[in-house]
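Here's the structure, in structure tokens; my notes come after.
Order of the sequence lines sets the chain letters (A, B, ...), proteins ahead of strands, with each chain counted from 1.
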There are 2 protein chains.
Amino acid sequence: MRENLTQTIEDYLKTIYQFTLEHQRATTNQIAESLGVTPASVTGMLKKLAATEPPLVEYKKHYGVLLTPAGEKIALEIVRHHRLLEMFLVQMLGYEWDEVHSEADRLEHHISEAFEERIAEALGDPQRDPHGNPIPTRELAIQKLNDIPLRSLQPGQKGVVQRVRETDPELLRRVAELGLVPGAHFEVLEYSPLDENLLLAIAGQPVSVVLGKGITNQIFVKAI
Amino acid sequence: MRENLTQTIEDYLKTIYQFTLEHQRATTNQIAESLGVTPASVTGMLKKLAATEPPLVEYKKHYGVLLTPAGEKIALEIVRHHRLLEMFLVQMLGYEWDEVHSEADRLEHHISEAFEERIAEALGDPQRDPHGNPIPTRELAIQKLNDIPLRSLQPGQKGVVQRVRETDPELLRRVAELGLVPGAHFEVLEYSPLDENLLLAIAGQPVSVVLGKGITNQIFVKAI
DNA sequence: AATCGAATTTAGTGTAGCCTAATTAAGAAA
DNA sequence: TTTCTTAATTAGGCTACACTAAATTCGATT
Ligand SMILES: [Mn+2]
Ligand SMILES: [Mn+2]
Ligand SMILES: [Mn+2]
Ligand SMILES: [Mn+2]
């Protein structure tokens with residue numbers, strides 16, 4: 001089809017994809033913040049992405065953007081690369097889960113389809129990455145997320161961890177220490193409205209812990 | 001030290017390094033041809049590389065270039081990446097030896113030092129890549145080549161294959177088919193001056209083969 | 001020593017993507 | 001409805017690296 005996609009363009013599309021998972025559209029400032037560029041640069045790029053044939057984004061001045069099917073296809077391709085790479089780094093090269101994100105964020109743009117295919121095969125076509133994010137299939141189908149932030153649970157509710165935000169290594173190390181990794185079971189014991197802390201009993205851990213929303217907002221769970 | 005090296009600069013330095021292995025300096029046209037850019041572009045880049053602090057190349061107008069110690073250090077770093085990656089692709093991901101060069105040529109610029117270190121360890125610090133090229137050590141020491149083209153052997157001489165030029169996948173497949181891979185023993189039976197063909201008996205192969213210089217120039221051997 | 005062809009360099013442009021500063025539009029508050 | 005704040009866009013420039021076309025240098029040959 002095409003082949004003139006720069007790493008820059010791929011990063012813009014991936015970023016827009018991530019934002020539109022949680023909101024209906026991505027705004028100029030969000031994208032700028034996330035990519036570490038100025039809003040002016042984003043506006044320029046959005047106009048360009050909207051002007052390609054086929055267009056990669058749907059863009060209306062002052063209203064934000066969303067991906068066209070063509071743009072989403074590319075974004076999912078990159079997301080698949082990213083998450084397969086993370087899994088590969090952990091499982092085959094012995095990386096820790098807090099070390100993989102930045103490495104994958106670069107490599108996702110540079111591996112071939114052959115490389116993608118070989119690691120997928122070597123890993124046995126994993127469904128999720130080390131942080132619990134679903135991996136798009138070869139055909140770029142991806143499971144819908146139906147988890148909720150740990151923070152939204154009430155005292156007495158039990159749950160199981162689904163995924164953890166992956167961008168902050170510090171957070172990931174802390175979460176691993178706590179044993180709150182994907183698959184871990186827990187029960188909310190108390191909620192203190194003042195400081196918005198949760199008291200949590202984690203299965204297999206001897207003592208319960210108090211967690212602020214700096215953490216509970218970054219962990220996504222399913223209630224049971 | 002620095003960290004502002006583009007992939008483009010790394011490729012120029014690596015190319016100059018390769019040429020200066022076989023000649024005392026690299027010329028503008030050679031570099032242009034090898035990188036697929038125009039000579040005018042090369043001139044521009046050479047001036048730039050000579051003007052950095054510290055300078056990466058020694059450049060005199062109309063006389064070609066060679067690397068400074070600083071430039072060579074970077075070139076060797078990239079060569080180490082390249083050759084470790086090739087080994088990794090073959091040994092851990094099941095690539096064939098004719099498939100790895102182009103993949104490694106891209107990835108060499110994008111893996112981290114941590115990635116380099118992990119694959120080196122996983123592979124047991126290999127000395128040579130799949131094509132028989134020596135891999136620089138962590139400290140960037142590299143064995144001198146002391147092999148000669150197969151073409152230069154006389155009838156009656158025996159030898160062992162050291163390395164094979166890696167850039168042409170077609171050639172590599174043919175060479176693998178013949179069993180003339182690094183480590184293979186052989187004897188030169190005949191030389192026909194007219195067409196510059198060699199008749200070769202390869203250890204372990206049932207029949208002897210006639211090879212033109214399209215092949216014998218690309219295989220490097222040690223006589224025994 | 002003069003000439004010629006190949007190699008190289010210079011001069012002038014183009015594209016991608018970023019920036020700052022100045023301007024405009026949208027939406028909340030008055 | 002008008003005003004104000006914030007978000008977004010425009011205008012104008014900059015750097016990296018490529019290209020084409022025109023000039024120059026080298027070194028070989030007369
Ligand atoms: Mn892919
Ligand atoms: Mn992840
Ligand atoms: Mn390295
Ligand atoms: Mn090789």
(message) So, using side chain to side chain donor-acceptor pair (under 3.5 Å) as the criterion, who are the partners of A/Glu99 when residues are at least two apart?
(response)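 A/Glu99: side chain to side chain donor-acceptor pair (under 3.5 Å) contacts with B/Arg118.
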
(message) Test of understanding: with side chain to side chain donor-acceptor pair (under 3.5 Å), list the residues that count as partners of B/Ser102, not counting sequence neighbours.
(response)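 Counting only residues at least two positions away or on another chain, B/Ser102 forms no side chain to side chain donor-acceptor pair (under 3.5 Å).
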
[X]: side-chain contact (heavy atoms from CB on, under 4.5 Å) partners, not counting sequence neighbours:
X       : value
A/Asp98 : A/Glu96, A/Pro169, A/Leu172, A/Arg173
B/Val90 : B/Val100, B/Pro130
A/Thr15 : A/Phe19, A/Ile31, A/Ser34, A/Leu35

(request) Considering non-hydrogen atoms only, spot the tightest contact between A/His81 and A/Glu113 and give its length. (result)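 Shortest heavy-atom separation between A/His81 and A/Glu113 comes out as NE2-OE2, 3.2 Å.
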
Any donor and acceptor pair, going by atom type alone, linking the side chain of [X] with main-chain N or O of [Y] inside 3.5 Å?
X        : Y        : value
A/Tyr63  : A/Thr27  : no
B/His101 : B/Asp168 : no
B/Tyr12  : B/Gln7   : no

Please output the side-chain donor-acceptor pairs of residues 141-151 of chain A that fall under 3.5 Å, not counting sequence neighbours, one pair per line with the distance.
| unit_1 | atom_1 | unit_2 | atom_2 | d |
| --- | --- | --- | --- | --- |
| A/Asp147 | OD1 | A/Arg163 | NH2 | 3.2 |
| A/Asp147 | OD2 | A/Arg163 | NE | 2.8 |
| A/Arg151 | NE | A/Asn217 | OD1 | 3.2 |
| A/Arg151 | NH1 | A/Glu196 | OE1 | 2.9 |

(request) Go through residues 33-42 of chain A and report each residue with a non-hydrogen atom lying under 4.0 Å from DNA chain D, sorted by number. (result)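 Per residue number, the list reads A/Pro39, A/Ala40.
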
(request) For DNA chain D, find the residues of residues 18-32 of chain A with a heavy-atom distance under 4.0 Å and give them by number; none if there aren't any. (result)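 DNA chain D contact set from residues 18-32 of chain A: A/Thr27, A/Thr28, A/Asn29.
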
(request) Would you kindly compare A/Tyr63 and A/Met45 by the position of their nearest DNA chain C nucleotide and give the one closer to the 5′ end? (result)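 Counting from the 5' end, the first nearest nucleotide belongs to A/Met45.
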
(request) Name all residues meeting the ring-ring contact (aromatic ring centres under 6.0 Å, His included) criterion together with B/His109; count only those two or more places apart in sequence or in a different chain, and write none if there are none. (result)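 B/His109: no ring-ring contact (aromatic ring centres under 6.0 Å, His included) contacts found.
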
(message) I need the B/Glu86 CD to B/Ile135 CD1 distance, nearest 0.5 Å.
(response)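 Reported to 0.5 Å precision, the distance equals 8.5 Å.
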
(request) Scan A/Thr8 against the nucleic acid and name what it touches under 4.0 Å (heavy atoms): base, sugar-phosphate only, or nothing. (result)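 Sugar-phosphate only.
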
Going by atom type alone, with no hydrogens or angles, which donor-acceptor pairs under 3.5 Å involve a side-chain atom of residues 41-50 of chain A and a protein atom two or more places apart or on another chain?
| unit_1 | atom_1 | unit_2 | atom_2 | d |
| --- | --- | --- | --- | --- |
| A/Ser41 | OG | A/Thr38 | OG1 | 3.0 |
| A/Thr43 | OG1 | A/Pro39 | O | 3.3 |

[atom1] of [X] versus [atom2] of [N]: gap in Å, rounded?
X       : N      : atom1 : atom2 : answer
A/Leu46 : D/dA7  : CG    : P     : 16 Å
B/Asp11 : D/dA16 : CG    : C1'   : 15 Å
B/Lys60 : D/dC26 : NZ    : P     : 11 Å

(message) OP1 or OP2 of D/dT10 versus the side-chain N and O atoms of A/Lys61: is any pair under 4.0 Å?
(response)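 Answer yes for this pair, as a side-chain N or O of A/Lys61 is under 4.0 Å from OP1 or OP2.
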
(request) Give the angle between the helix axes at the two ends of the helix from C/dA1-D/dT30 to C/dA30-D/dT1, taking five base pairs at each end and rounding to 10°. (result)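 The end axes of the helix from C/dA1-D/dT30 to C/dA30-D/dT1 are about 20° apart, to the nearest 10°.
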
(message) Under 4.0 Å from a heavy atom of chain A: give me the 5'-most and 3'-most nucleotides of DNA chain C that qualify.
(response)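 Using the under 4.0 Å cut-off, the span is C/dA16 to C/dA26.
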
